[in-house]
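A short worksheet on the structure shown next.
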Amino acid sequence: MEKIRTLRGFRDILGDELEKFKKIEQAFRKYSTRLGFREIELPILEKTELFVRTIGDTTDIVEKEMFTFIDAGGDSLSMRPEATAGMVRSYLQEGLYATERLTKVCTIGPMFRHERPQKGRYREFRQIDVEVFGVKEPLVDAELIFMIRMFLDDLDIDRYRIEVNSVGCKTCRESFRGVLIEFFEDRKSELCDDCLRRLERNPLRIFDCKNEQCIRVTADSPLLFNSLCGECKDHFDLFQKHINDFGIDIEVNKRLVRGLDYYTKTVFEITSDDLGAQKAFIAGGRYDNLVEEMGGPPTAGIGFAVGVERLAMLLPQKMEESGRECFLACIGDRARGYLAPVLKACLSGDISLRYAYEAKSLKAQMRYADNLKCNFVLILGDNEIDKGMITLRDMAGKTQEELPLDVEHIVSVLKERLSG
RNA sequence: GCGGCAGUAGCUCAACGGCGGAGCAUCGGAUUGUGGUUCCGAGGGUUGCGGGUUCAAGUCCCGUCUGCCGCCCCA
């Protein structure tokens with residue numbers, strides 16, 4: 001019989017990795033709460049059209065990376081490949097634009113992309129997603145970078161770079177597109193096959209190419225950053241001033257491009273060389289036209305996503321200290337009769353109690369208790385019961401004492417020992 | 001989607017084409033009811049899966065699945 005295992009690129013999350021996820025989410029919520037973000041849970045499945053219209057129909061994500069299927073009713077549905085699309089849909093559907101001046105929301109959950117798995121790249125992966133709707137001022141751009149900085153500091157992560165760029169607005173991008181195509185037309189022969197395709201669909205992405213030949217070509221090319229319109233230029237300058245006020249070091253990377261169509265003005269990427277090929281573990285940017293394009297009122301937007309698995313890889317490997325636990329070792333059937341009352345009293349008294357389900361030798365039970373890293377072991381056998389006592393052994397101190405066999409008393413002594 | 005490497009006990013890995021092993025982990029024992037160190041012992045495997053070559057395949061060949069590295073993409 002063939003063993004059933006997870007689908008390719010899908011994993012069970014357990015042990016240290018799950019602890020890291022919890023730690024990351026806890027640290028994140030600390031700052032999201034303080035900055036006024038509300039958490040929201042969104043569906044994993046949405047109409048395919050939502051992603052096509054937001055992310056862009058010529059992006060790789062939409063073209064070949066979505067888990068898409070036709071449901072029984074004939075609708076094309078897709079597992080969400082990212083969170084912003086659903087956030088925008090929710091913002092419009094719940095009418096938040098009408099009930100509040102600005103909206104700060106975040107969500108944490110799994111995303112799905114049908115890619116070839118690699119370290120730090122899975123078909124099901126977890127993202128923390130943050131969005132702000134209704135603020136066009138660059139102060140919020142800086143606030144998000146600041147939030148990321150506080151969050152990473154909290155996790156003791158310091159080997160990373162913050163790269164920022166501006167991809168301009170619709171008007172500066174349209175006019176630049178012509179300039180760029182004209183430049184590359186003359187040097188077509190020097191570009192790789194991938195870039196020739198990009199030239200047709202999204203010429204800006206040529207700047208993203210790692211091919212040395214293409215990098216040489218783009219080194220001579222005009223940059224969108226240098227031909228931003230006045231408004232976009234002012235926005236970026238003010239953003240940099242605010243970043244400076246927060247005391248954060250950033251690198252302006254004029255070649256930085258994002259793979260999703262909706263981005264405008266400020267874009268950023270947090271990368272680490274400790275991650276291998278998938279260097280970016282946080283990325284985001286502004287999308288000032290998206291809400292309107294999706295049928296809402298003109299509303300500025302900005303957000304970012306954290307790749308939780310990738311961030312977890314940057315966390316130190318050290319195991320969490322196990323909690324302070326107690327163990328009850330019973331010798332004989334008479335002692336077993338005390339298990340239920342002792343367990344009941346311990347749990348009510350907020351004390352962790354472990355015990356063996358099988359009637360094992362005391363030696364085996366002690367070994368088990370040690371294995372579980374229990375700090376204290378209660379030993380109960382005929383000797384103790386006849387005296388109306390119970391033995392309490394301090395495993396680290398290798399000392400033991402006898403206590404009256406009274407559950408309330410036992411719990412109060414354990415509490416005292418565990419807190420000291 | 002493309003290229004390369006790999007898959008043997010729960011984990012890390014050995015085994016010239018010739019009887020599948022070790023360390024760690026788990027469990028038990030070392031004279032009455034006391035853990036870690038030590039000693040002894042036990043359990044655990046269709047060698048990822050399916051074909052093929054061969055007297056004989058963990059080992060060679062083909063396919064497939066999965067992982068890893070790079071490309072691509074992206075968080």
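Just the heavy atoms: all of them, side chains too, but no hydrogens, waters or symmetry mates, feed the values below. Every chain is numbered from 1 and lettered A, B, ... according to where its sequence line falls, protein lines coming before strand lines.
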Among the candidates [options], find the nucleotide nearest to the side-chain atoms of [X].
X	options	answer
A:P117	B:G70, B:C74, B:C68	B:C68
A:N371	B:C27, B:C72, B:G35	B:C27
A:E115	B:G33, B:C68, B:C73	B:C73
A:L260	B:G28, B:A75, B:C72	B:A75

With distance as the sole criterion, do the side chain of [X] and the base of [N] form a donor-acceptor contact below 3.5 Å?
X	N	answer
A:R121	B:C72	yes
A:R116	B:G67	no
A:K360	B:G28	no
A:Q400	B:U34	yes
A:R5	B:G48	no
A:E384	B:G33	yes

Span that lies between the [atom1] atom of [M] and that of [N], in whole angstrom:
N	M	atom1	answer
B:U59	B:G7	C1'	13 Å
B:A25	B:G36	C1'	15 Å
B:C69	B:G21	C1'	30 Å
B:A9	B:A15	P	15 Å
B:A57	B:G51	C1'	13 Å
B:G45	B:C11	C1'	15 Å
B:U66	B:U8	C1'	15 Å
B:C68	B:G23	P	30 Å

Nucleotide [N], atom [atom2] - distance to [atom1] of [X] in whole Å:
X	N	atom1	atom2	result
A:R393	B:G36	CZ	P	11 Å
A:E269	B:C74	CD	P	10 Å
A:M395	B:U37	CE	P	12 Å
A:D60	B:C71	CG	C1'	13 Å
A:D370	B:C27	CG	P	11 Å
A:R367	B:U38	CZ	C1'	13 Å

Using Watson-Crick or G-U wobble geometry with both distances below 3.5 Å, tell me the partner of [N], or none.
N	value
B:G1	B:C71
B:U32	none
B:A6	B:U66
B:C60	B:G52

Task: Stacked cation flag A:R11 on A:Y122, 6.0 angstrom / 45 deg - done: yes

- [ ] Establish, for the pair A:R149 and A:F146, whether the NZ or CZ atom is under 6.0 angstrom from the six-membered ring centre and no further than 45 degrees off its axis.
- [x] no

Within the structure shown, what part of the strands sits under 4.0 Å from [X] by heavy-atom distance: base, sugar-phosphate, or nothing?
X	answer
A:A369	nothing
A:G9	sugar-phosphate
A:E65	sugar-phosphate
A:K119	sugar-phosphate
A:F281	sugar-phosphate
A:R310	base
A:A364	sugar-phosphate
A:Y122	base
A:K398	base
A:S361	sugar-phosphate
A:G120	base
A:I282	sugar-phosphate

Indicate whether the side chain of [X] and that of [Y] have a donor and an acceptor atom separated by less than 3.5 Å.
X	Y	answer
A:Y287	A:E293	no
A:T391	A:E384	yes
A:E131	A:T84	yes

Open item on the list: Pick the closest RNA chain B nucleotide for A:R126 and for A:I379 by heavy atoms, then say which residue is nearer the 5' end.
Closed with: A:I379

Task: Pairwise 5' ranking along RNA chain B for A:R11 and A:F125, keeping only the more 5' one - done: A:R11

With a 4.0 Å cutoff (strictly under), does any side-chain N or O of [X] reach OP1 or OP2 of [N]?
X	N	result
A:Q365	B:G35	no
A:K64	B:C73	no
A:N383	B:U32	no
A:R8	B:G67	yes

Task: More than 12 heavy atoms from other groups under 6.0 Å of CD on A:E401 - done: yes

TODO: Applying side chain to side chain donor-acceptor pair (under 3.5 Å) between A:S76 and each of A:T48, A:T68, A:D71, report the one that passes.
DONE: A:T48

TODO: May I ask you to decide whether A:D154 forms a salt bridge with A:K30, counting only side-chain N to carboxylate O separations under 4.0 Å?
DONE: yes

Open item on the list: Under a 4.0 Å threshold between the charged nitrogen and the carboxylate oxygen, would A:D141 count as salt-bridged to A:K265?
Closed with: no

